[in-house]
Amino acid sequence: MNVDSISAVAWRVMALVRKELLAVLTDPANRLILIVPVLLQSLIFGYVATYDLSNVPYAVLDESRSSTSVRLLQDLDGTGVFRRVATLASEAEIREVVDAEKALMVVRIPPDFERRVLDGDAAPLQLILDGRNSTTAASAGGYVQAVVDRFNADLPGAAGTGAIRVEARAWFNPNLETRWNFMPALVASLSMLQTLLLTALSIAREREQGTFDQLLVTPLSPAEIMVGKAVPPILIGLLQSTLVLLVTRFWFHIPMTGSLATLYVALLAFLVAGVGVGLSISALSANMQQGMLYAFVLLMPMMLLSGLTTPVGNMPEILQIATCVNPLRFGIDMVRRIYLEGAGLRILLPDFLPLLAISAVSLPGAAWLFRNRLV
């Protein structure tokens, strides 16, 4: 091949490249999709994808009420990591604050704490951790141990003797195994991935194949079309959740504390909300390519803002507000609490209500878009 032939091939390829770039960049919607999601995901990753502790809510049961216990708690508060949310009056209140996820940990100081410290005896400091957030709980326990070590070193004549001894106990996950925290969350999150994709492509596929207009002139109402499109993904999502549940329980041997009936009621409410979001995406999409692109653009922030890997409470306040419209956040929280804690429907009401609100907005909205969106 001579130089002229190579030059001709290069010009033809460059012309094709120019055509493809113009096809992508001249469409305002494409330009928006290429730029905005990257910026948003970069910011979300930077703020959310971190295990650094900066705002750990904790409660205190100080049965000693002594100057020594006050100084220790002041050192704990002074780190800037821990935020005291409750001062308890009795042992019975510990379960309430941990079960309600108001506190990640509870510091319990025994009545004879100061006497033991002054006598040079080993003084126990009980630390009760919420094992449902295993990684964060383990990190918080390490921070407390560091504070106690510094406090011991400053005690007159107690340096190196370990006058205060931290006794940590994790609830719902005794060994603070990450798998116990992660696998129940996958029961909700993995089914959400497939369900959202299936529903996002549903109506878009009808538009692309030219059968959408035929569907609209059938005796089916928009609500009936919506139900017919929603039921199959919900059933598939329940099947996938069951498969993950079986792997979690019988392969990894993570014991389930709660009720199967409660779990499936929670999964159904969660999947209905997810299907509503997916159908809204599908109704807005002109073709399958758009539907898939919109779904993938939405899935990344939903996963990051769900609490799957990092706790929602560790995120900036504005992102915590954004998670209130994320069905995956509430689905993961419900499955974890049912599986590890044995929570009932009444306790899970704060998770059910947002899911019902998301469903009440997204499903009627999708039904309206079925009929009114210009194809």
Side-chain angles (χ1 to χ4, degrees), residues 47-48 50-173 176 307 310-321:
Y47 282 111
V48 174
T50 174
Y51 290 100
D52 297 335
L53 296 184
S54 58
N55 184 20
V56 178
Y58 81 103
V60 173
L61 176 57
D62 184 4
E63 297 174 303
S64 173
R65 296 184 179 88
S66 60
S67 59
T68 303
S69 65
V70 169
R71 289 202 312 274
L72 177 60
L73 293 174
Q74 286 175 342
D75 286 354
L76 203 61
D77 293 330
T79 61
V81 173
F82 300 100
R83 173 172 56 89
R84 193 185 306 188
V85 295
T87 300
L88 310 181
S90 67
E91 182 180 351
E93 296 178 1
I94 295 177
R95 178 168 293 278
E96 180 182 342
V97 296
V98 176
D99 284 355
E101 297 184 299
K102 294 178 181 177
L104 179 70
M105 68 179 190
V106 176
V107 177
R108 182 179 182 182
I109 302 175
D112 58 350
F113 179 76
E114 184 172 58
R115 180 187 62 78
R116 285 175 175 247
V117 171
L118 296 178
D119 290 347
D121 297 334
L125 179 73
Q126 188 178 27
L127 197 63
I128 298 170
L129 302 168
D130 185 352
R132 290 169 295 190
N133 293 319
S134 56
T135 304
T136 309
S139 299
Y143 272 86
V144 173
Q145 184 64 63
V147 172
V148 169
D149 289 343
R150 288 196 298 270
F151 190 86
N152 283 335
D154 293 338
L155 288 174
T161 65
I164 301 173
R165 183 181 70 253
V166 177
E167 298 178 350
R169 177 188 174 193
W171 284 9
F172 314 120
N173 185 356
L176 289 177
T310 54
V312 173
N314 222 28
M315 302 175 188
E317 187 173 349
I318 188 169
L319 291 181
Q320 292 186 40
I321 296 172

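Treat the numbers as computed from the prediction; the structure is a model and nothing was measured.
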Side chains of Leu88 and Val106: closer than 4.5 Å at any heavy-atom pair?
->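 Answer yes - side chains close enough.
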
Determine whether Arg108 and Glu91 make a side-chain contact, defined as any pair of heavy atoms from C-beta on separated by less than 4.5 Å.
->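 Arg108 reaches Glu91 side chain to side chain.
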
Can you see which heavy atom on [X] is nearest to which on [Y], and at what distance?
X: Ser64; Y: Pro110; answer: CB-O, 3.3 Å
X: Val56; Y: Ala140; answer: CG1-CB, 4.3 Å
X: Phe113; Y: Ile164; answer: CZ-CD1, 3.5 Å
X: Ala123; Y: Val117; answer: CB-CG2, 3.7 Å
X: Leu61; Y: Ala89; answer: CD1-C, 3.8 Å
X: Val97; Y: Ala59; answer: CG2-CB, 4.3 Å

As an exercise, state the distance from [atom1] of [X] to [atom2] of [Y], rounded to the nearest 0.5 Å.
X: Glu93; Y: Thr87; atom1: CD; atom2: OG1; result: 10.0 Å
X: Leu125; Y: Leu73; atom1: CG; atom2: CG; result: 8.0 Å
X: Asp75; Y: Phe82; atom1: CG; atom2: CZ; result: 12.0 Å
X: Arg116; Y: Arg165; atom1: CZ; atom2: CZ; result: 7.5 Å
X: Glu114; Y: Arg71; atom1: CD; atom2: CZ; result: 7.5 Å
X: Leu129; Y: Leu104; atom1: CG; atom2: CG; result: 7.0 Å

Heavy atoms of other groups near Gln320 CD, more than 12 under 6.0 Å |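 For Gln320, atom CD is crowded (more than 12 foreign heavy atoms under 6.0 Å).
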
Any chance CD of Glu317 has more than 12 other-residue heavy atoms, nucleotides or ligands included, within less than 6.0 Å?
->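 Count not over threshold, so no.
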
Before giving the answer on side chain to side chain contact (heavy atoms under 4.5 Å, CB included), spell out for Gln126 and Ile94 the whole-Å C-alpha distance, their side-chain angles and the decisive distance to 0.1 Å.
-> CA-CA 12 Å; Gln126 188 178 27; Ile94 295 177; 5.8 Å; no

Is the closest side-chain donor-acceptor distance between Asp77 and Tyr58 under 3.5 Å?
->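 Their side chains do contain a donor-acceptor pair, which is all the 3.5 Å distance test asks for.
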
Between Arg169 and Ile128, is there a donor-acceptor pair closer than 3.5 Å when you use the side chain of the first and the backbone of the second?
->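 Such a contact is absent between Arg169 side chain and Ile128 backbone.
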
